[in-house]
Amino acid sequence: MSAGSFYITTPIFYVNDVPHIGHAYTEVAADVLARWHRQSGDDAWLLTGTDEHGQKILRTAIANGVTPKEWADRLVETAWKPLLETVDIANDDFIRTTDERHEVNAQKFLQHLHDEGHIYTGEYEGYYCVGCEEYKQTSDLVDGTGDYAGQPVCAIHSKPVELLHEKNYFFKMSAFADRLLALYEENPNFVQPEAARNEVISFVRRGLSDLSISRSSFDWGIKVPWDESHVVYVWFDALLNYITAAGYGQNDEEFASRWPATHIVGKDILRFHAVIWPAMLMAAGIEVPKQVFGHGWLLVGGEKMSKSKLTGIAPRQITDTFGSDAFRYYFMRAISFGQDGSFSWEDLSARYQSELANGFGNLASRVIAMVVRYCDGVVPEAGALTADDLAIAATEQRVTDASRAFIETLAIHDALASVWELVDELNGYITLQEPWALAKNPDTRARLETVLHTAVGGLGTLTVLLSPVIPIATAKLWTALGGDGALADQRVDRAWEWTGGKHVSPLEPLFPRIESIVEPADA
RNA sequence: GGGGCGGUAGCUCAGCUGGUUAGAGCAGCGGACUCAUAAUCCGUCGGUCCCGGGUUCAAGUCCCGGCCGCCCUACCA
């Protein structure tokens with residue numbers, strides 16, 4: 001496969017949120033895909049960043065006695081960039097919606113839509129809560145009691161809301177319903193997985209109304225270029241990050257080489273990405289995204305993780321005990337990408353123990369230990385190959401191809417399951433060949449060397465194949481195996497070709513046994 | 001109210017356009033082995049496929065009706 005552009009994005013973090021494993025999960029998935037493509041010769045580009053405008057942020061900044069920009073700066077540095085380090089994300093760029101490149105070019109986009117007649121002046125009508133200082137959805141309202149019986153009141157303040165009108169600018173999104181439906185029809189992969197696609201289609205079939213894209217009740221946002229008394233609606237602003245980060249408006253060459261992107265999003269924000277966003281792009285005459293993939297929720301105790309139910313888990317709680325590799329592996333392996341998945345400490349420790357420690361980690365230990373013990377660390381040459389040796393080579397090639405195919409469809413869990421067939425087969429091969437028995441008899445020296453050579457080659461293939469998912473442990477192993485160059489430069493699509501370095505060096509357990517798993521208290 | 005998805009071994013899940021005795025991993029149990037992180041390998045126990053009808057020579061797999069769970073139902077990002 002020739003080198004192609006692979007531009008992948010995560011949603012940008014709303015800075016006021018508290019980072020939890022759901023955020024980290026999205027990041028890891030996108031990072032694994034980016035690394036995999038990068039190591040397959042593609043020009044991969046991973047973008048992530050932060051969403052920093054909006055009334056809520058303005059309000060919390062004021063409450064903390066700082067400007068909204070200062071508030072956002074603080075959160076970016078103390079919460080969000082550290083999150084990326086915690087789970088070892090190798091992003092190529094980090095965009096903030098307060099970046100000049102974003103604000104300037106988002107305005108350019110908006111002005112363009114305005115010039116082309118996709119925007120008109122309208123009136124927004126909604127229930128406004130004075131206490132909250134914001135418009136409320138009807139779902140946020142409850143029936144009043146006592147003095148307010150019979151009228152809708154704010155669920156937070158229990159005071160009546162006012163029906164207000166505000167001049168707003170509207171985007172003629174309704175005009176794009178047919179084109180959107182045609183897009184979903186002609187390109188079934190545009191929205192995936194299937195369940196997400198169905199939801200989006202049925203939503204659009206019910207008809208689209210126009211979108212209010214400006215606010216004048218507060219000023220923390222991007223100014224509407226032709227009317228600076230308005231700021232751009234946060235979602236409209238936020239979605240544009242995907243193109244402003246890629247050079248839209250300022251570097252046409254770069255933009256042409258990167259766009260369109262694959263968007264990885266949580267299913268909660270699927271609609272914004274699969275409906276509003278492509279409609280915006282259509283209006284601007286820009287190609288729609290390559291794909292919008294909505295992944296599932298992490299379920300804790302069968303329910304969506306949430307702060308209010310105290311089921312929110314900070315990534316550090318996991319990585320402090322198990323490490324970032326285990327975090328990445330666990331969520332990529334245990335959850336079918338695209339579906340909801342259950343998280344439990346029991347499952348995490350069980351998989352850590354059986355798959356990472358006993359399966360892969362122990363395989364690395366036993367292979368290296370035998371080469372050190374029986375061959376003084378020199379990787380032996382292979383002699384005549386038996387059917388068993390050839391079977392290993394065949395499996396190396398098969399799982400390399402299979403995992404690549406699964407990654408193409410974003411089936412990360414299937415790719416890992418495929419790679420693990422090699423882990424299991426190598427463990428079985430070693431047990432069956434009994435190199436420790438071969439080592440006792442000088443007559444079987446050649447056979448011993450062939451077996452160890454085969455085992456080292458297989459382990460090397462695993463190292464390369466797993467490097468996008470568990471980069472730290474595999475890098476250590478790569479060094480121990482005497483691999484040439486940086487592991488991150490090895491081609492994952494040709495992982496099976498590697499047949500061993502010259503020397504191996506002793507290796508500490510990659511995934512040490514964790515004796516007592518104590519469920520961390522709430523952070 | 002409308003719509004989507006799901007309910008399969010103790011646990012987490014596979015089972016495509018219906019077709020022989022329903023699968024995997026983990027856990028459990030028994031055995032082998034010792035290179036290795038008390039790891040590995042082999043064997044084994046284990047299921048009214050949510051319930052009730054129906055279509056069919058044949059249904060976990062299609063249809064109807066229930067029950068249960070989660071989610072969406074536009075501008076709270």
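Atom set for the values below is all heavy atoms of this structure, side chains included, hydrogens, waters and symmetry mates excluded. Keep in mind that this is a model prediction, so the values were computed, not measured. Every chain is numbered from 1 and lettered A, B, ... according to where its sequence line falls, protein lines coming before strand lines.
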Classify the side-chain pair H413(A)/S336(A) by whether it contains a donor and acceptor separated by less than 3.5 Å. yes
Could you give the distance separating C26(B) and U44(B) at their C1' atoms, to the nearest angstrom? 16 Å
Tell which nucleotide pairs with G47(B), taking only Watson-Crick or G-U wobble pairs whose two distances are both under 3.5 angstrom. none
Rounded interatomic separation in angstrom, taking CG from L416(A) and C1' from A24(B): 16 Å
Can you tell me how far C1' in C49(B) sits from the matching atom in C62(B), rounded to whole Å? 16 Å
Quantified in whole Å, what is the P atom distance between nucleotide A39(B) and nucleotide A27(B)? 9 Å
If you look at every strand shown and take non-hydrogen atoms under 4.0 Å, does F236(A) touch a base, only sugar-phosphate, or nothing? nothing
Considering every strand shown, what is the Watson-Crick or G-U wobble mate of U20(B) when both distances are under 3.5 Å? none
Can you see whether Y242(A) engages H273(A) through a side-chain donor-acceptor pair at a distance of less than 3.5 angstrom? yes
Whole-angstrom distance between A58(B) and U12(B), as gauged at atom P: 35 Å
Could K167(A) and D227(A) be called an ion pair, given the rule that one side-chain N must be under 4.0 Å from one carboxylate O? yes
Given G25(B), U37(B), C72(B), the nucleotide with the shortest approach to the side chain of E355(A): G25(B)
With the side chain of A357(A) defined as its heavy atoms from C-beta on, choose the nearest nucleotide among C71(B), C76(B), U37(B). U37(B)
Looking at D340(A) and W297(A), would you say the former's side chain and the latter's main chain have a donor-acceptor pair under 3.5 Å? yes
Heavy-atom neighbours of E381(A) CD exceed 12 at 6.0 Å: no
Is it true that the side chains of N168(A) and Y233(A) contain a donor and an acceptor less than 3.5 Å apart? no
Between A39(B) (C1') and L356(A) (CG): distance, integer Å: 14 Å
Should N198(A) be listed as having a side-chain N or O under 4.0 Å from OP1 or OP2 of C5(B)? yes
Base-contact (B) and sugar-phosphate-only (S) positions in nucleotides 11-16 of chain B, heavy-atom cut-off under 4.0 Å, - elsewhere: -SSS--
Suppose we define a pair by two distances each less than 3.5 Å, Watson-Crick or G-U wobble; what does G6(B) pair with here? C68(B)
Using a 4.0 Å heavy-atom cut-off, does R513(A) contact any base of the nucleic acid, only the sugar-phosphate backbone, or nothing at all? base
For H295(A) and C5(B), give me the distance from atom NE2 to atom C1', rounded to whole Å. 16 Å
If we take the C1' atom in both A22(B) and U55(B), what is their distance in whole Å? 22 Å
Distance-only donor-acceptor check, side chains T386(A) and D389(A), under 3.5 Å: yes
Pairing donors with acceptors under 3.5 angstrom, does anything connect the side chains of Q192(A) and R197(A)? no
Answer yes or no: does atom CD of E194(A) have more than 12 heavy-atom neighbours from other residues, nucleotides or ligands under 6.0 Å? yes
Taking A74(B), U37(B), C76(B) as options, the one with an atom nearest any side-chain atom of F203(A) is A74(B)
Reckon L510(A) touches a base, only the sugar-phosphate, or nothing at all at heavy-atom distances under 4.0 Å? base
Over how many whole Å does the gap from D268(A) atom CG to C75(B) atom P extend? 14 Å
Out of U37(B), A74(B), C71(B), minimum distance to the side chain of S209(A) belongs to A74(B)
Base-pairing mate for A14(B) - Watson-Crick or G-U, with both contacts under 3.5 Å: none
Whole-Å gap separating P (A74(B)) and CG (D210(A)): 16 Å
Using a 4.0 Å heavy-atom cut-off across all strands, classify S354(A) as base, sugar-phosphate, or nothing. sugar-phosphate
Answer yes if the side chains of T60(A) and N16(A) hold a donor-acceptor pair under 3.5 Å, and no otherwise. yes
Give me the distance, rounded to whole Å, that separates U48(B) from G60(B) when you measure between the C1' atoms they each carry. 12 Å
Can you tell me the Watson-Crick or wobble partner of G1(B), both distances under 3.5 angstrom? U73(B)
Counting the atoms with a prime plus P, OP1 and OP2 as sugar-phosphate, which does G296(A) contact under 4.0 Å by heavy atoms, base, sugar-phosphate, or nothing? nothing
In Watson-Crick or G-U wobble terms, both distances under 3.5 Å, what is the partner of A32(B)? U40(B)
Examine distances only and state if a side-chain atom of S418(A) and a backbone atom of D414(A) form a donor-acceptor pair shorter than 3.5 Å. no
Between G47(B) and C11(B), how many Å separate the two P atoms, rounded to a whole number? 13 Å
Specify the residue among A350(A) and G54(A) whose closest nucleotide of RNA chain B lies further upstream toward the 5′ end. A350(A)
Rounding to 0.5 Å, atoms NZ (K172(A)) and CD1 (I213(A)) come to a distance of 12.0 Å
Taking G69(B) as the reference, what is the distance to U8(B) when you measure between their C1' atoms (whole Å, please)? 16 Å
Between G3(B) (P) and E194(A) (CD): distance, integer Å: 19 Å
Minimum heavy-atom separation for A283(A) and H118(A), please, with both atom names. O-NE2, 3.1 Å
Return the value, rounded to whole Å, for the distance between atom CH2 of W297(A) and atom C1' of C5(B). 14 Å
Taking U37(B), A74(B), G4(B) as options, the one with an atom nearest any side-chain atom of L208(A) is A74(B)
Summarise how protein sits on nucleotides 30-36 of chain B as a single string, 5' to 3': B when a protein heavy atom is under 4.0 Å from the base, S for sugar-phosphate-only contact, - for no contact. ---SSBB
Looking across every strand, which nucleic acid part, if any, lies under 4.0 Å from I213(A) by heavy atom: base, sugar-phosphate, or nothing? nothing
Nearest-Å distance for atom pair CH2/C1', residues W345(A) and C26(B): 19 Å
